[in-house]
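The sequence lines fix the lettering, A, B, ..., with proteins before strands; numbering per chain opens at 1.
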There are 2 protein chains.
Amino acid sequence: MLRLSKLTDYAVVVLIRLSEGGGECARLGGEPVQTSPGIALATGVPEPTVAKVLKALTSANLVASQRGARGGYRLVQALEQITIADVITAIDGPIALTACVDGAPGACDVQNMCAVKGRWDLVNDAIRQALTSITLAEMRVASVPMAFRLPAPDHLAPPDRLAQGGVPLAASAAE
Amino acid sequence: MLRLSKLTDYAVVVLIRLSEGGGECARLGGEPVQTSPGIALATGVPEPTVAKVLKALTSANLVASQRGARGGYRLVQALEQITIADVITAIDGPIALTACVDGAPGACDVQNMCAVKGRWDLVNDAIRQALTSITLAEMRVASVPMAFRLPAPDHLAPPDRLAQGGVPLAASAAE
DNA sequence: AACAATCAGGACCGCATGGGTCCTGTTAAG
DNA sequence: CTTAACAGGACCCATGCGGTCCTGATTGTT
Ligand code: FES
Ligand code: FES
């Protein structure tokens, strides 16, 4: 259903957690790194998965790592600078809706007579635009101390329409 | 990689083919229906797949079907009225990027302490906007008489020459 | 110097999902 | 009555994702 991977979802969670750098691991004055077990504990995501996500994010230069004892991860950009497209690209690879985008030969069997050959690029670009226009800062629920939400959320119809007010909601997807 | 299903891709091809209604099956004056074998032949997509796509499109009321002999399919809207979002919804189901959108309970394991709970809706809406803003008419390559390519690659693996020649191969992969 | 903590980078497996085929009705034209 | 075509499944298989784990490399600590 056009769904992106759950890993990407986790990546967003992890990154936001990383932005709240003043965690329990902030020992070095200037570099409040966080360890993957720590993040896993804080977010509830299983540790191996967190580690995997962090590695991918490191490869994409979205986070920096400090090896060795007392090591960990830290952001290299502010949340405002990180777009959803960045995260998706880091985790899921380049954003390519169909196999027919770009000039991959042999990707599509019917490209000989295809009427929309290469036209998906249009859609692809639109998606990229939409994804690039949203930053992680907009994803984070503004000033919500999530310590409250520990108990299980209601089954359905959660009355948490609270955050609706403060978000600009750019929605500049149209062009 | 955030890819949508190949079926959706085929659906677009089929729909566009359907819009060029003046096919070989246009017997009835007012209702130029096309059969799925005919569309399969014209597009190069295997017949069973075409049939499957057509069925899904019929369920979504994007095309109308005429049963019985001399039956077939026809569009119910102009290409300009059909958005990519419509097609995706018809084939792949509702557009929901992550399992955490809407209030699906039990979808996400970490929703208890999640910092972005429900925030994916933002991204989701942006995607929907982007997908809704593009119609099939924009997807169709304007005035490309694909009648050239009719020689059927039915079997498979077209012997290496015809496919290579005429393809522009834009290779506009940005990043 | 030895140790421990932590990241790096894979290999690995199980499972869900999508892609594709096929079969059996049902409908309607000829 | 026969045939052409859709309807609606069931079905199998390959792909890829989600998740785990293992073996190094690196660096602070003791
Ligand atoms: S090239 Fe793949 S559908 Fe057109
Ligand atoms: S509820 Fe699923 S990641 Fe937040």
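Partner V87(B) forms a side-chain contact (heavy atoms from CB on, under 4.5 Å) with one of T8(B), V53(B), V14(B) and no other, that one being T8(B).
Nearer the 5' end of DNA chain C, as judged by each residue's closest nucleotide, is the contact made by S65(A), out of S65(A) and K52(A). DNA chain D is contacted by both K55(A) and S5(A); S5(A) maps to the nucleotide lying nearer its 5′ end (nearest heavy atom per residue).
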From CA spacing to verdict: side-chain contact (heavy atoms from CB on, under 4.5 Å), L75(B), I82(B):
CA-CA 10 Å; L75(B) 288 178; I82(B) 308 178; 4.3 Å; yes
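Closest contact between the side chain of K6(A) and the listed nucleotides dG28(D), dA29(C), dG19(D) involves dG19(D). In this structure, of dG9(C), dC22(C), dC7(C), it is dC22(C) that holds the atom nearest to the side chain of P48(B).
Listed for the E138(A) side chain is a donor-acceptor partner under 3.5 Å among the backbone atoms of T135(A). Side-chain atoms of T49(A) do not come within 3.5 Å of backbone N or O of V45(A) as any donor-acceptor pair. Side chain of D92(B) to backbone of S5(B): a donor-acceptor contact under 3.5 angstrom is found.
In this structure, OH of Y73(B) is placed 11 Å from C1' of dG8(D), rounded to the nearest angstrom. Taking atom CG on D9(B) and atom C1' on dG18(C), their separation rounds to 14 Å, with Å as the unit. The nearest whole Å value for the distance from the CZ atom in R74(B) to the P atom in dC6(D) is 14 Å. Taking atom CD of Q66(A) as the reference point, atom P of dT29(D) lies 11 Å away to the nearest angstrom. Whole-Å rounding puts the Q34(A) CD to dA5(C) C1' distance at 17 Å. The separation between D92(B) atom CG and dA16(C) atom P is 20 Å, rounded to whole Å. Counting to the nearest Å, the P atom of dA5(C) and the CG atom of L54(A) are 19 Å from each other. Atom C1' of nucleotide dC7(C) and atom CD1 of I39(A) are separated by 12 Å, given to the nearest angstrom.
Between T35(B) and dA4(D) there is no side-chain polar atom (N or O) within less than 4.0 angstrom of OP1 or OP2. At dC17(D), none of the side-chain N or O atoms of Y10(A) fall inside 4.0 Å of OP1 or OP2 (strictly under the cut-off). Residue T49(B) places at least one side-chain N or O under 4.0 Å from the OP1 or OP2 atom of dT21(C).
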Which protein N or O atoms sit under 3.5 Å from an N or O of nucleotides 24-27 of chain C?
{"from": "dG25(C)", "atom 1": "N2", "to": "R67(B)", "atom 2": "NH2", "distance (Å)": "3.4"}
{"from": "dT26(C)", "atom 1": "O2", "to": "R67(B)", "atom 2": "NH2", "distance (Å)": "2.8"}
{"from": "dT27(C)", "atom 1": "O2", "to": "G68(B)", "atom 2": "N", "distance (Å)": "3.3"}

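Within 4.0 Å of L7(A), counting heavy atoms only, lie sugar-phosphate atoms of the nucleic acid but no base atom.
A salt bridge links R128(B) to D125(B): one of the charged nitrogens lies within less than 4.0 Å of a carboxylate oxygen.
Expressed to the nearest 0.5 Å, how far OH of Y73(B) lies from CG of L18(B) amounts to 10.0 Å.
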